[in-house]
Structure formats: structure tokens, C-alpha cells
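For reference, the structure is listed below as C-alpha cells.
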Number of protein chains: 2
Amino acid sequence: MSLKYGVLGLLKGEPLHGYEVKSRFEAMLGGTWEVNIGQIYTTLQRLERDGLVRPAGPRGDRGKLLYELSPQGQKALDQWLGEPDSGPQQLHEDIYVKLLLATRVANGDLQGMLARQKRTYLQRLRDLNRLEERARRDGRLDLARLVRGALLHAEADLKWMDELSSERFGAEGARTE
Amino acid sequence: MSLKYGVLGLLKGEPLHGYEVKSRFEAMLGGTWEVNIGQIYTTLQRLERDGLVRPAGPRGDRGKLLYELSPQGQKALDQWLGEPDSGPQQLHEDIYVKLLLATRVANGDLQGMLARQKRTYLQRLRDLNRLEERARRDGRLDLARLVRGALLHAEADLKWMDELSSERFGAEGARTE
DNA sequence: CAGCCGATACATACTCGGCATACATACTGA
DNA sequence: TCAGTATGTATGCCGAGTATGTATCGGCTG
């Protein structure tokens with residue numbers, strides 16, 4: 001999502017060039033997020049266009065161009081950090097649409113779908129647990145905290161699936177016309 | 001997110017034109033998702049380009065163009081419904097980046113940030129509860145099920161914030177260089 | 001009733017940001 | 001010299017929003 005502020009945050013403190021922004025960002029996320037390199041550069045260009053970052057000096061070594069935070073960039077970053085994250089609000093996610101369509105279209109195999117979904121979440125739980133363990137082993141407590149959040153989400157999803165699959169489904173409420 | 005399959009699913013059974021796809025979609029989501037009209041048409045064009053839908057007859061009334069599902073579209077829809085949703089996997093969300101940056105940049109006001117975030121989630125809980133109640137009153141049990149999922153997520157987020165704010169934070173593990 | 005007016009049904013075009021692929025080039029170490 | 005990595009640019013798709021345009025319909029007013 002918002003590479004934009006990630007980049008701003010990394011630039012706070014020391015100027016970096018594009019490629020290094022990429023590696024710092026990925027390191028910060030503990031390897032859980034491989035950023036596309038092209039995206040970094042377009043993001044930097046847009047940030048420059050909007051006056052939030054600026055080149056710190058002329059191009060160096062092999063075309064390397066250091067960027068630094070402008071005062072406005074500083075301000076924008078602080079503001080973003082200061083306001084709460086609204087998250088992907090509401091029901092704008094694939095799983096919701098899939099559930100709705102499954103009840104009205106594939107009424108037959110809804111239980112199967114729930115079971116598959118459940119298996120998916122279980123797998124995620126396992127992955128996240130391994131990730132958390134690794135983060136702690138590496139002394140990356142900050143990362144472990146993030147993973148903890150993701151774990152809670154996966155557990156919530158699992159619980160949801162359990163609730164759903166213990167309901168008896170009918171076509172109730174699935175009509176819209 | 002994936003309007004694409006939402007559109008396919010709505011087209012299953014009866015041909016519709018763009019504007020009506022929009023209203024059906026929004027009705028299906030119980031008014032929690034106002035779709036952009038332009039997006040519907042571009043989505044339909046792309047689906048036609050990819051052979052998943054096709055015009056059902058010539059343009060009618062006032063330029064109205066009915067679309068219907070092609071056999072391939074049918075197949076694509078069934079496949080999508082059959083596979084589990086992978087969800088926004090990993091830690092690619094704003095809140096994670098924000099937390100990381102907050103610990104390493106704004107170490108001072110992390111507790112404040114957590115508190116604000118908690119308030120945001122509480123508000124969401126209230127909103128979702130109202131929404132669920134309304135859905136049940138309207139006999140939209142399918143919708144209520146979705147809202148239940150969103151509620152569980154919000155609760156998980158809240159729990160996460162509680163865990164975090166009862167930790168004592170240091171700069172441990174926040175270094176990457 | 002004529003005529004106008006605002007709402008809504010219906011569609012297109014344009015723009016921007018996110019994200020991915022592909023490509024180019026220089027350096028560096030085996 | 002060959003593989004890999006550091007570093008950057010160009011290009012294109014898709015999601016999503018804004019703006020615009022036309023036809024119809026249900027009024028309200030003179």
C-alpha cells in the first residue's frame with residue numbers, strides 16, 4: 001500500500017538513493033515484503049514533484065541520486081504518523097464478495113468452500129508462527145509485534161469460519177430483487 | 001478490490017447492462033460499498049476483451065448494452081468461487097509500516113498513537129454493531145454474516161492494541177543498520 | 001395543458017496512483 | 001569471462017476517481 005510514507009520515514013535522518021531505500025525498506029519488514037524496484041523510483045519522483053523530498057546534491061557515483069526529506073515532507077510524515085490508521089474499512093474485500101456470491105450462486109458447496117478457507121487460514125497461522133519465532137530469534141522484537149497482529153487476524157478469520165460452518169444455511173436474505 | 005468477479009457473479013443467471021450491475025452490486029452489499037460507475041464500465045470492457053462476457057444482442061433502448069456471461073466467464077467464475085481466498089497476505093498494510101516507523105522515529109508518542117488507534121477501532125466496532133443490527137432487521141442474514149467477520153477483525157485489532165500498550169517499549173530490535 | 005426543472009438512468013472519456021515486467025548498464029567477485 | 005548485484009529508466013495494466021454528456025420521467029407552476 002503506502003510505500004509513500006515508508007519512503008518518507010526511511011529518508012528521515014539520512015538521505016538515501018532509490019536502491020538503498022528498497023533494501024532498507026525490505027530489511028525493516030524483515031523480508032516479508034519484497035518491494036518492486038520500479039515502484040520505488042516512481043514513488044520518489046512523485047514525492048519530489050509534490051515537494052516532499054528533494055535531491056541532496058548532484059548525481060554521484062554511477063548515476064546515484066540521493067534524496068532527502070524537505071521540511072514539508074517532514075511535516076507530512078509527522079502528520080501521517082499522528083493520525084490513526086483507518087484500515088481497509090468496511091466490507092471491501094474479496095472474501096466478502098466471494099461469500100455473498102457463494103451463498104446465492106453455488107449454494108451447494110458452501111460447506112466445502114468454508115472448509116477450504118479454514119485450511120488456508122490454518123496454513124497462515126503456521127507460517128506466521130514460524131515467522132514470529134524467527135523474528136524473536138533475530139532479536140527483531142518490533143517485527144514480532146507486527147506478526148502478532150497478523151496472527152490475531154488469522155485467528156479471527158478462523159473463528160469466523162467456524163461460526164459460519166456451524167450455521168445451517170438457507171437462501172434466507174440472499175434475495176435482492 | 002475484485003469487482004471483476006462480483007460483476008461475473010451478478011451476470012450469472014441474467015444479462016445486465018452496466019448501470020444495473022452497479023445498482024445490483026451495491027444492493028448486494030447492503031449499501032456498504034458505493035461503486036464508482038466508471039469502474040463498472042471499464043471492468044465490463046476488460047471482461048469483454050478477455051472473452052469472459054459478451055454483449056447479449058444489439059444496443060437497446062437508449063444505448064443500453066446488455067452483457068451476458070460467456071462459457072469461459074462461467075468457468076472463470078466457478079474456479080474463483082472454488083479456490084480459497086488468499087486475503088491480503090503478509091504484512092503489506094499501512095498500520096504495520098506506521099507502527100514500525102513510530103517505534104523508530106517517534107518513539108516519544110507511541111503510547112499516544114496506540115490510544116488513538118484504539119479509539120478508532122472502538123468506533124468501528126460501534127459502527128459495525130449498528131450495521132449488523134440493521135442487516136438483521138432487514139432480513140439480510142447474508143449481510144449480517146459478513147459484518148460478523150468484520151466485527152471479529154475489529155476485535156482482534158483492539159486486542160492487539162491492548163497487548164502492545166501493555167508492553168514496555170524500548171528501541172530493542174528496531175535497528176537495521 | 002404547456003413548459004420547465006430537477007432527479008435519475010445510462011454511458012463515455014480522462015486522469016492519477018499502485019504495481020509489475022522488462023530492459024539497460026556498470027561494477028564486483030569467483 | 002561469467003554470474004550476480006547495484007542502480008536506474010521505460011512501459012503498460014489495473015483500480016479508482018472526476019468530469020461530462022444525453023435521454024427520460026415525475027413533478028410543479030403559470
Side-chain angles (χ1 to χ4, degrees), chain A residues 1-8 10 15-27 29 31-53 55-67 76 80 86 88-94 97, chain B residues 1-8 10 15-27 29 31-53 55-67 76 80 86 88-94 97:
Chain A
M1 300 229 84
S2 136
L3 253 198
K4 178 177 167 184
Y5 292 102
V7 170
L8 285 183
L10 287 169
L16 300 171
H17 55 262
Y19 197 85
E20 205 167 4
V21 168
K22 171 185 153 76
S23 20
R24 300 271 180 125
F25 190 88
E26 291 175 347
L29 269 297
T32 60
W33 189 341
E34 300 251 324
V35 194
N36 185 298
I37 180 64
Q39 210 184 329
I40 297 278
Y41 292 108
T42 48
T43 299
L44 279 170
Q45 281 162 17
R46 285 196 273 262
L47 285 173
E48 182 181 4
R49 180 201 57 192
D50 298 341
L52 303 186
V53 308
R59 277 173 189 273
D61 225 3
R62 66 211 76 156
K64 287 204 284 191
L65 179 51
L66 288 182
Y67 283 100
W80 183 73
S86 70
Q89 78 240 51
Q90 315 193 66
L91 313 180
H92 294 206
E93 282 173 63
D94 275 21
V97 174
Chain B
M1 297 231 87
S2 137
L3 254 198
K4 179 178 167 182
Y5 291 102
V7 171
L8 285 183
L10 288 170
L16 301 171
H17 56 262
Y19 196 84
E20 204 166 5
V21 168
K22 172 183 153 76
S23 20
R24 300 269 181 129
F25 191 88
E26 291 174 347
L29 269 297
T32 61
W33 188 341
E34 299 252 324
V35 194
N36 185 297
I37 181 63
Q39 210 184 330
I40 297 278
Y41 291 107
T42 48
T43 299
L44 279 170
Q45 281 161 17
R46 286 196 271 261
L47 286 172
E48 182 181 3
R49 180 200 59 191
D50 297 341
L52 303 186
V53 308
R59 278 174 188 272
D61 224 4
R62 66 213 77 161
K64 284 204 286 191
L65 180 50
L66 288 182
Y67 284 99
W80 183 72
S86 69
Q89 78 239 51
Q90 315 193 67
L91 313 180
H92 293 207
E93 283 172 62
D94 276 21
V97 173

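Here is the naming used below: chain letters follow the sequence lines, and residue numbers restart at 1 for every chain.
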Check the distance between [N]'s [atom2] and [X]'s [atom1] and give it to me in whole angstrom.
| X | N | atom1 | atom2 | answer |
| --- | --- | --- | --- | --- |
| E26(B) | dA9(C) | CD | P | 11 Å |
| L16(A) | dA6(D) | CG | P | 15 Å |
| K22(A) | dG18(C) | NZ | C1' | 16 Å |
| D50(B) | dC13(D) | CG | C1' | 11 Å |
| H17(A) | dC27(C) | NE2 | C1' | 13 Å |
| I40(A) | dT21(C) | CD1 | P | 15 Å |
| H92(A) | dG17(D) | NE2 | C1' | 14 Å |
| L44(B) | dA11(C) | CG | P | 9 Å |

First of V35(B) and R46(B) reached from the 5' end of DNA chain D, by closest nucleotide: R46(B)

Select from I37(B) and Y19(A) the residue whose nearest nucleotide in DNA chain D is closer to the 5' end of that strand. Y19(A)

Do you know which of V21(B), L3(B), V7(B), L29(B) makes side-chain contact (heavy atoms from CB on, under 4.5 Å) with V35(B)? L3(B)

Any side-chain N or O of Y41(B) below 4.0 angstrom from OP1/OP2 of dT12(C)?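 The answer is no; no side-chain N or O of Y41(B) sits under 4.0 Å from OP1 or OP2.
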
Using OP1 and OP2 only, check whether a side-chain N or O of Q39(B) sits under 4.0 Å from dA16(D). yes

Heavy-atom distance under 4.5 Å between the side chains of V53(A) and E48(A), does that happen here? yes

So, do W80(A) and D94(B) sit near enough that their side-chain heavy atoms are less than 4.5 Å apart?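 Result yes, sub-4.5 Å side-chain heavy-atom pair found.
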
Distance, nearest 0.5 Å, that separates OH of Y5(A) from CG of L47(A):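 Result: 9.0 Å between the selected atoms.
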
Return the NE2 to CD distance between H92(B) and E34(A), rounded to the nearest 0.5 Å. 8.5 Å

Among the nucleotides [options], which one has an atom lying closest to any side-chain atom of [X]?
| X | options | result |
| --- | --- | --- |
| R49(B) | dC14(D), dA11(C), dT7(D) | dC14(D) |
| Q45(B) | dC10(C), dG18(C), dT12(C) | dT12(C) |
| N36(B) | dA19(D), dG17(D), dT7(D) | dG17(D) |

Between S23(B) and G38(B), who's closer to the 5' end of DNA chain C by nearest nucleotide? S23(B)

